[in-house]
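Heads up, the thing below is written out as C-alpha cells.
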Amino acid sequence: MAKVAFLGLGVMGYPMAGHLKTKGGHDVTVFNRTAAKAEKWASEFGGTAKKTPREAAEGAEIVFACVGNDDDLRSVVLGDDGAFAGMSKGTVFVDHTTASADVARELAAAGTEAGIGFIDAPVSGGQAGAENGVLTVMCGGDSDVYAKVEPVIAAFARSCKLMGPSGAGQLTKMVNQICIAGLLQGLSEGMNFGVKAGLDMEKVIDVISKGAAGSWQMENRGGTMCKGEFDFGFAVDWMRKDLGICLSEAKNNGARLPVTALVDQFYAQVQGRGGNRWDTSSLIHLLAND
C-alpha cells in the first residue's frame, strides 16, 4: 500500500482515484477545484479531501493529476499552493492530463531541480475505460522513476508502458488522437453511405467489424452513429483541444497532418451546431444532416 494523492476529479480522475483506493488498497488524498466534488469522493471511497494541491501532496509518495490543459496543470503543480511545494525529495508526480510535450519537459525539469520525479502519462480508453479500470497509459520519463509508479498505476490500467524520455508519453498520445481522428471520419462516411443505401446497418457492422475494417470505434460507436446518438463518450471540445496540441507539435517537428487538420475543422463545424459536448462520433452529423 502506498500513500498517494490525486488532483483533479473530472469524469476520468474521479473513477481513477477510486480504483487506487478500492482496487489498489492505497491511502488516497484528493483535491479538486470544486471542493464539494472532493468531499463527495472522500465520502464515497473513504479517502481524505484537501483544499489545495499542496496540502493533498504533503506526505504522499506519488501524486497523480488529471486536469484540463497545460495551464491547469501548471496551476496544480507550481506556486506556493502547488503540489511540488508539498512534496518531498524522492517522491514522484504522475500526470495523466493530455497536454503538450513542452509542458511535460518543463515540469520534469522543475521536478528534477526539486528532487522530485516526473512522469507524463496520458491515457486512452475514455470515460468507460476509467470507470472499468482498463485504461491504456503511455508514459515518458526516467526508467527508474517509472518503475516506482507502474505497480500503482496498475489499479486503473490494462496496459502501461514507458515510451521514452520526458514528453514521449504525450507524443504517443498525439499519435493516438491523430489515428482516431482519421478513423472516425472514415467510419462516419461509411456508416452514412450504408444508411443512404438502405442497408441494415446492424448486419453491416456485424459483418465488416470482423474483417479488415473492424475497430473499437466501429464496434462501440458504429450503431449509435447511425441512430444519431452522441450523448456519451469523449466530447468534441476535448478532441479539438487534443488535435490542437497535435497540429502545434507538427509545426515543430515538420510532420504533415492534412487529414487531421481537415477533421479538426469538421469538429469545429460540429461545435457550431451546438455539439461541443457530443461524443466524437458526431462527425456523422455533418454528413447525415446536410
Side-chain angles (χ1 to χ4, degrees), residues 1-8 12-13 16-17 19-21 23-31 53-67 69-70 72-79 82-125 130 133-176 245 249:
M1 184 182 76
K3 182 172 174 53
V4 305
F6 205 105
L7 316 178
M12 301 293 287
M16 290 165 73
H19 286 302
L20 285 168
K21 180 68 176 177
K23 190 190 297 186
H26 303 297
D27 179 1
V28 185
T29 300
V30 298
F31 163 81
R54 176 176 182 165
E55 291 176 359
E58 288 175 348
E61 301 163 59
I62 305 170
V63 178
F64 297 90
C66 190
V67 294
N69 55 40
D70 287 20
D72 292 335
L73 181 58
R74 291 187 181 97
S75 74
V76 299
V77 174
L78 305 175
F84 277 6
M87 296 175 69
S88 304
K89 290 184 178 181
T91 58
V92 183
F93 191 98
V94 180
D95 175 39
H96 293 300
T97 308
T98 296
S100 69
D102 287 341
V103 77
R105 298 182 188 112
E106 171 192 331
L107 295 179
T112 297
E113 188 173 337
I116 297 167
F118 186 92
I119 298 291
D120 53 289
V123 301
S124 181
V134 291
L135 292 169
T136 295
V137 187
M138 305 151 248
C139 299
D142 294 338
S143 58
D144 56 340
V145 176
Y146 172 78
K148 295 179 181 180
V149 301
E150 183 184 29
V152 183
I153 291 173
F156 50 76
R158 174 171 54 191
S159 174
C160 184
K161 180 165 290 204
L162 181 64
M163 307 308 298
S166 294
Q170 296 296 351
L171 291 170
T172 303
K173 180 62 183 287
M174 293 176 210
V175 174
N176 187 78
I245 293 172
E249 184 65 32

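What's counted below: heavy atoms across the whole structure, side chains too, no hydrogens, waters or symmetry copies.
The minimum heavy-atom distance between Ala83 and Pro53, with the atom names listed, is N-CB, 3.8 Å. Ala85 and Gly79 make their closest contact through CB-O, 3.7 Å (heavy atoms, listed as atom of the first residue, atom of the second, distance). Scanning all heavy atoms of the two residues, the minimum distance from Met138 to Ser124 falls at CE-CB, 3.6 Å. In plain terms, the two heavy atoms of Tyr146 and Cys160 that are nearest each other are OH-O, 3.1 Å. Summarising the geometry of Gly117 relative to Val145, their closest heavy-atom pair is CA-CG1, 4.0 Å, with the distance given to 0.1 Å. Counting all heavy atoms, side chain and backbone alike, Met16 lies closest to Ala130 at CG-CB, 4.1 Å.
The CE atom of Met1 sits 12.5 Å away from the CG atom of Leu20 when rounded to the nearest 0.5 Å. The structure places CG of Asp142 at 8.5 Å from CG of Leu162, a figure rounded to the nearest 0.5 Å. Gln170 contributes atom CD, which lies 7.5 Å from atom OG1 of Thr97 (distance to the nearest 0.5 angstrom).
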Inset, instruction - I would like to know whether Arg74 and Val103 meet side-chain contact (heavy atoms from CB on, under 4.5 Å); could you show each step before the answer? - result: CA-CA 8 Å; Arg74 291 187 181 97; Val103 77; 3.8 Å; yes
Legend entry - Audit row: Asp102, Ser100, side chain to side chain donor-acceptor pair (under 3.5 Å) steps and yes/no: CA-CA 5 Å; Asp102 287 341; Ser100 69; 5.1 Å; no
Inset, instruction - Could you check Val30 against Val28 for side-chain contact (heavy atoms from CB on, under 4.5 Å), going step by step and ending with a plain yes or no? - result: CA-CA 7 Å; Val30 298; Val28 185; 4.0 Å; yes
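Of the possible polar contacts, none joining the Thr91 side chain to the Met87 backbone as a donor-acceptor pair under 3.5 Å is found. One N or O on the side chain of Lys173 and one on the backbone of Val123 form a donor-acceptor pair closer than 3.5 Å. When atom types are taken as modelled, the side chain of Asp120 and the backbone of Ala104 share no donor-acceptor pair closer than 3.5 angstrom. Counting only distance, with no hydrogens or angles, the side chain of His96 and the backbone of Pro122 share no donor-acceptor pair below 3.5 Å.
Counting only heavy atoms from C-beta outward, the side chains of Lys148 and Ile62 never approach each other to under 4.5 Å. Within the 4.5 Å cutoff, side-chain heavy atoms of Met12 are placed close to those of Leu135. A 4.5 Å side-chain heavy-atom check between Leu107 and Leu78 finds at least one atom pair inside the cut-off. Side-chain contact between Ile119 and Asp95: absent, with no pair of heavy atoms (C-beta onward) separated by less than 4.5 Å. Looking only at side-chain heavy atoms (C-beta outward), Leu171 and Glu249 come within less than 4.5 Å of each other. Side chains of Val92 and Val94 form a contact here, defined as non-hydrogen atoms less than 4.5 Å apart. In this structure, the side chains of Lys3 and Thr29 come closer than 4.5 Å at one or more pairs of heavy atoms. A heavy-atom distance below 4.5 Å is not found between the side chains of Met163 and Cys139.
Ring geometry for Phe64 against Phe6 counts as parallel: the plane angle stays under 30°, on a 0 to 90° scale with 60° as the upper cut. The aromatic rings of Phe118 and Phe93 sit parallel, their planes meeting at an angle under 30°, below the 60° perpendicular limit.
Salt bridge Glu150/Lys161: absent, no basic N to carboxylate O contact under 4.0 Å.
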